[in-house]
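So the structure is just underneath, and the comments pick up after that.
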Amino acid sequence: AFDAVQPGGTDRFAPGTYRLGTGARLTVPDVTVLGHSDGTTLRGCDPEAFDLPENEVERVVFGCTGLYVQAPRQTIRALTFEYTWHGIVVGPFPTTAEEAASLGPDGPAPYPSGGHRIEGNTFRATPNGLRVLGTGTEPSVVRDNEFIDVFHAIGIYGAPLHFLDNRVTVEDPARVPFSRHPGSAVLVAPGHTDCAGHVVAGNRVEGYPDPVYV
């Protein structure tokens, strides 16, 4: 369905839980992805998959992922992500360990990414809710999402992003997979850009020793 949809179209999930494992790639621009009003959960792996030593973490980085957004102006709404190393990765990022090894230390070449709308989703018990990379000038908006028991709600490494009116809370630190404790709720660092144009405002963050790390 993700491959067949045309620009301007919508992919609608039925209610239920979908086990994604290595993740799904969204490569068509200007597409909306909608969860069902009765609840749609995208699960990377079962919780016990994250009980592994640090030198084996690659197994869950590439084996327990939600969505790879690899086209501009995607809209993602009304989904629940749980037990994913990344709930959503926006922009250039390897999707397998083999691909990562072949790219070397610089990773994938940057490409334009922007104009995304990620709104009204829930990220629960996942190390990284979102990772945003890439270049571009059109701001993306991440608004009105709920992040519960995550290590990072979002890592911003790319094109301008507005992180607005989200709720990031810790109900049980032991439910944060792998680390068993929260990290920084919002992480902003130079990646493919110089960090210009980001806005972090109106968010509610509770239970984090490093709420915003720049």
Side-chain angles (χ1 to χ4, degrees), residues 17-20 23 35 39-54 56-61 63-67 69 76-91 93 116-133 139-158 160-191 195 197-214:
T17 297
Y18 296 78
R19 171 78 173 269
L20 294 187
T40 299
T41 297
L42 304 187
R43 173 175 280 199
C45 291
D46 292 328
E48 56 269 21
F50 292 86
D51 296 330
L52 77 178
E54 189 167 345
E56 297 179 20
V57 71
E58 197 173 71
R59 282 165 43 194
V60 291
V61 171
C64 306
T65 295
L67 301 178
V69 176
I76 300 173
R77 290 194 179 106
L79 294 169
T80 294
F81 298 85
E82 65 178 17
Y83 297 107
T84 58
W85 186 264
H86 295 107
I88 301 174
V89 180
V90 177
F93 193 82
H116 304 291
R117 297 292 182 270
I118 299 173
E119 302 168 327
N121 303 284
T122 298
F123 300 82
R124 180 187 299 115
T126 177
N128 303 281
L130 294 102
R131 178 184 289 252
V132 182
L133 307 111
S140 295
V141 176
V142 177
R143 184 194 296 270
D144 290 327
N145 300 282
E146 187 100 25
F147 300 85
I148 305 167
D149 297 334
V150 301
F151 188 81
H152 294 312
I154 188 169
I156 306 170
Y157 305 91
L161 187 130
H162 297 180
F163 189 75
L164 308 172
D165 304 322
N166 301 280
R167 296 162 299 284
V168 189
T169 59
V170 179
E171 294 179 353
D172 181 359
R175 288 179 54 202
V176 181
F178 190 66
S179 65
R180 305 300 181 191
H181 62 80
S184 51
V186 180
L187 173 63
V188 183
C195 296
H198 300 318
V199 177
V200 177
N203 303 286
R204 176 178 175 178
V205 181
E206 295 181 335
Y208 281 79
D210 255 341
V212 181
Y213 187 85
V214 180

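A distance-only check finds a donor-acceptor pair linking the side chain of Asn145 to the backbone of Gly120 [under 3.5 Å]. Using modelled atom types, one side-chain atom of Asn121 and one backbone atom of Ala78 make a donor-acceptor pair closer than 3.5 Å. Thr65 places no side-chain N or O within 3.5 Å of a backbone atom of Gly23 that could act as its donor or acceptor partner. Distance alone, capped at 3.5 Å, is enough to place a donor-acceptor pair between the Asn128 side chain and the Trp85 backbone.
Across every non-hydrogen atom of Arg143 and Asp165, the tightest pair is NH1-OD2, 3.3 Å. The two residues Ala153 and Phe163 come nearest to each other via the heavy atoms CB-CZ, 4.4 Å. Of all non-hydrogen atoms in Ala185 and Val168, the two that sit nearest each other are CB-CG1, 3.9 Å. Of all heavy-atom pairs between His162 and Pro139, the closest is NE2-CB, 3.9 Å. The shortest non-hydrogen separation linking Cys195 to Pro190 is SG-N, 3.5 Å. Of all non-hydrogen atoms in His198 and Gly158, the two that sit nearest each other are CE1-O, 3.2 Å.
Here the straight-line distance linking atom CG of Asp172 with atom OG1 of Thr169 works out to 11.5 Å at 0.5 Å rounding. Considering CD1 of Ile154 and CZ of Phe123, their distance stands at 8.5 Å, rounded to 0.5 Å. For the atom pair CD1 (Ile118) and CG (Leu161), the distance works out to 7.5 Å, reported to the nearest 0.5 Å. We find the CZ-CD distance between Arg167 and Glu146 to be 4.5 Å, quoted to the nearest 0.5 Å. To the nearest 0.5 angstrom, Arg131 atom CZ is 12.0 Å from Ile156 atom CD1. Interatomic distance, CG of Asp144 versus CD of Glu119, reported as 7.0 Å (0.5 Å rounding).
Taking the side chain as every heavy atom from C-beta outward, Pro209 and Pro182 approach each other to under 4.5 Å. Taking the side chain as every heavy atom from C-beta outward, His152 and Pro127 never approach each other to under 4.5 Å. At least one side-chain heavy atom of Val170 sits under 4.5 Å from a side-chain heavy atom of Tyr208. Side-chain contact between Thr17 and Thr80 is absent, with no heavy atoms from C-beta onward closer than 4.5 Å. When side chains are defined from C-beta on, Leu130 does not count as touching Phe81, because their heavy atoms never get closer than 4.5 Å. Looking at Asn203 and Val186, their side chains never come closer than 4.5 Å, going by heavy atoms from C-beta outward. Leu133 places a side-chain heavy atom less than 4.5 Å from the side chain of Val89. For the pair Thr84/Leu42, no side-chain contact is recorded, criterion being any heavy-atom separation below 4.5 Å from C-beta on.
Salt bridge status for Arg180 with Asp51: present, with a side-chain N to carboxylate O gap under 4.0 Å.
Atom CZ of Arg19 has more than 12 neighbouring heavy atoms from other residues, nucleotides or ligands inside a 6.0 Å radius.
Below 30°, between 30° and 60°, or above 60°: for His86 and Phe93 the angle between ring planes is above 60°, a perpendicular geometry.
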query: Can you check side-chain contact (heavy atoms from CB on, under 4.5 Å) on Thr40 and Tyr18, steps first, answer last?
result: CA-CA 8 Å; Thr40 299; Tyr18 296 78; 3.8 Å; yes
Item to check | Candidate pair His181 and Val176, rule side-chain contact (heavy atoms from CB on, under 4.5 Å), full reasoning | outcome: CA-CA 6 Å; His181 62 80; Val176 181; 6.0 Å; no
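Considering only residues two or more places apart in sequence or on other chains, Arg124 meets the salt bridge (charged side-chain N to carboxylate O under 4.0 Å, His left out) condition with Glu82.
In this structure, Phe178 has its ring center no closer than 6.0 Å to that of Phe50.
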